K.L.:
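Mind looking over this structure? Questions follow.
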2 protein chains.
Amino acid sequence: MFTNSVKYALKAVLFLAVHSGEERKIMVKDIAEPINVPKAYIAKLLQELSKQEIISSTRGVKGGFYLTESNLKQPVLNVIYAIDGTYRMNSCLLSLESCNEYKPCPLHHIVSPMRSKLIESLKEKTLEDLSIEIQSGLSYLPL
Amino acid sequence: MFTNSVKYALKAVLFLAVHSGEERKIMVKDIAEPINVPKAYIAKLLQELSKQEIISSTRGVKGGFYLTESNLKQPVLNVIYAIDGTYRMNSCLLSLESCNEYKPCPLHHIVSPMRSKLIESLKEKTLEDLSIEIQSGLSYLPL
DNA sequence: TCTTAAATATGATAATTATCATATTCTTAT
DNA sequence: ATAAGAATATGATAATTATCATATTTAAGA
């Protein structure tokens, strides 16, 4: 469902949600290691997220990546769409172009309602929500 | 979520569910075209499914692929597992090895119940069920 | 038993995705 | 101003997945 890239991106962003802030910027190598994702790989993803303003960054000495309050208010889904695009999550599981409510593919009735619900949930949950859950020990991030 | 291969396999198997039988074997080229999947590609998948006894086949003149009554009774999930293996559908979305109920990843509570339900549905629905739905115009197969 | 028509086995090529590497640009502090 | 430390831009390589091709084996019918 998700590419490797999205998974890595989510881990990194959630790591930032928990550990960074406008006054606590974190550089690539200090993100890559704890979430164990190859440094060069996650660097590229973070750059893309930054360009799309899903996360924030500053260059140079004392620079790094971080989330602003506004970044934290975003739905998780933003991260997914930013990296994988919207098509992957929304297209028919059998890739039938014409699949829709009126001309459903054989799996549509099974899959479609669940996908809708999943997307709904990923739209509702913000990065901040997940960050709070992690910080209160309701869920766990690394490895 | 699914590979291209699984999608193609599902289309082919459902096509066979609707159109084939022990007395109506269908050869590769007559499957590939209507479900529009490259012939050489679907041939390979059909061979694999046949080897795993998800579908049936006979060689030589008058040969082809088909589903027996027993094949038809199988859950859809069998096709998916046969091609993609079980890991893909069941692993943590973030690929955290340790993710489970006791140490859930941040997306676990969102994703896990839906995945369980999806797998349950794919286990309950047989190829025959879907075939009947297609034949009664409740869902549509090709393109 | 020979010919033909089909699946089967095997492997080659192409496309996509994942991974790695590095020169350039920007920012801060000296 | 300049030096150093960071992200940024760009692109190269590797691995996986998708696609294509073909020689071999099997079954049926003449």
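Sequence lines set the chain letters: A, B, ... in the order given, protein chains first and strands last, and positions in each chain run from 1. From a predicted model like this one, the values you see are computed outputs, not experimental measurements.
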K.L.:
If I take atom NZ in residue K39(B) and atom P in nucleotide dT22(D), what distance separates them, rounded to the nearest angstrom?
P.N.:
11 Å

K.L.:
Give the rounded distance in Å between these two atoms: CG of N36(A) and C1' of dT19(C).
P.N.:
15 Å

K.L.:
Looking at CG of L77(A) and OG of S121(A), how far apart are the two atoms once the value is rounded to the nearest 0.5 Å?
P.N.:
10.5 Å

K.L.:
Does any N or O in the side chain of S136(A) come within less than 3.5 Å of the main-chain N or O of I132(A), such that one atom is a donor and the other an acceptor?
P.N.:
yes

K.L.:
Starting at atom NZ of K7(A), determine the distance to atom C1' of dT17(C), rounded to an integer number of angstrom.
P.N.:
13 Å

K.L.:
Could you give the distance from NZ (K7(A)) to CG (D84(A)), rounded to the nearest 0.5 Å?
P.N.:
10.0 Å

K.L.:
Could you tell me how far apart L49(A) (CG) and dT8(D) (P) are, to the nearest whole angstrom?
P.N.:
10 Å

K.L.:
Quick check on dT19(C): is either OP1 or OP2 less than 4.0 Å from any side-chain nitrogen or oxygen of Y8(A)?
P.N.:
yes

K.L.:
Mind calculating the distance between CG (D84(B)) and P (dT16(D)) to the nearest angstrom?
P.N.:
15 Å

K.L.:
Under 4.0 Å, heavy atoms only, any strand: does Y66(A) hit a base, just the sugar-phosphate, or nothing?
P.N.:
nothing

K.L.:
Does any pair with a residue in residues 55-80 of chain B pass salt bridge (charged side-chain N to carboxylate O under 4.0 Å, His left out), and if so which ones, sequence neighbours excluded?
P.N.:
K73(B)-E128(B)

K.L.:
Can you find a heavy atom in the side chain of K117(B) that is under 4.5 Å from one in the side chain of K117(A)?
P.N.:
yes

K.L.:
May I ask you to decide if I54(B)'s main-chain N or O and Q74(B)'s side chain share a donor-acceptor pair within less than 3.5 Å?
P.N.:
yes

K.L.:
Identify each atom pair where a protein N or O and an N or O of nucleotides 4-9 of chain C are less than 3.5 Å apart, giving names and distance.
P.N.:
residue: dA6(C); atom: O4'; partner: G60(B); partner atom: O; Å: 3.3
residue: dA6(C); atom: N3; partner: G60(B); partner atom: N; Å: 3.3
residue: dA7(C); atom: OP1; partner: V28(B); partner atom: N; Å: 3.0
residue: dA7(C); atom: O3'; partner: S57(B); partner atom: OG; Å: 3.4
residue: dT8(C); atom: OP1; partner: S50(B); partner atom: OG; Å: 3.4
residue: dT8(C); atom: OP1; partner: S57(B); partner atom: OG; Å: 2.8
residue: dT8(C); atom: O4'; partner: R59(B); partner atom: NH2; Å: 3.3
residue: dA9(C); atom: N7; partner: Q47(B); partner atom: OE1; Å: 3.0

K.L.:
Would you confirm whether N90(A), through its side chain, and T86(A), through its main-chain N or O, come within 3.5 Å as a donor-acceptor pair?
P.N.:
yes

K.L.:
Mind listing the N/O atom pairs, protein and nucleotides 11-14 of chain D, below 3.5 Å?
P.N.:
residue: dG11(D); atom: O6; partner: K44(A); partner atom: NZ; Å: 2.2

K.L.:
Given 3.5 Å as the limit, does a donor-acceptor pair link the side chain of S116(A) with the main chain of S112(A), or not?
P.N.:
yes

K.L.:
Over how many whole Å does the gap from N4(B) atom CG to dT19(D) atom C1' extend?
P.N.:
10 Å

K.L.:
I want to confirm an ordering. Mapping R88(B) and A40(B) to their closest nucleotides on DNA chain D, which one lands closer to the 5' end?
P.N.:
R88(B)

K.L.:
With a 3.5 Å distance limit and no angle check, can you tell me whether S20(A) reaches the backbone of L67(A) through a side-chain donor-acceptor pair?
P.N.:
yes

K.L.:
Take atom CD1 of I83(B) and atom P of dT17(D), then tell me their distance rounded to the nearest Å.
P.N.:
13 Å

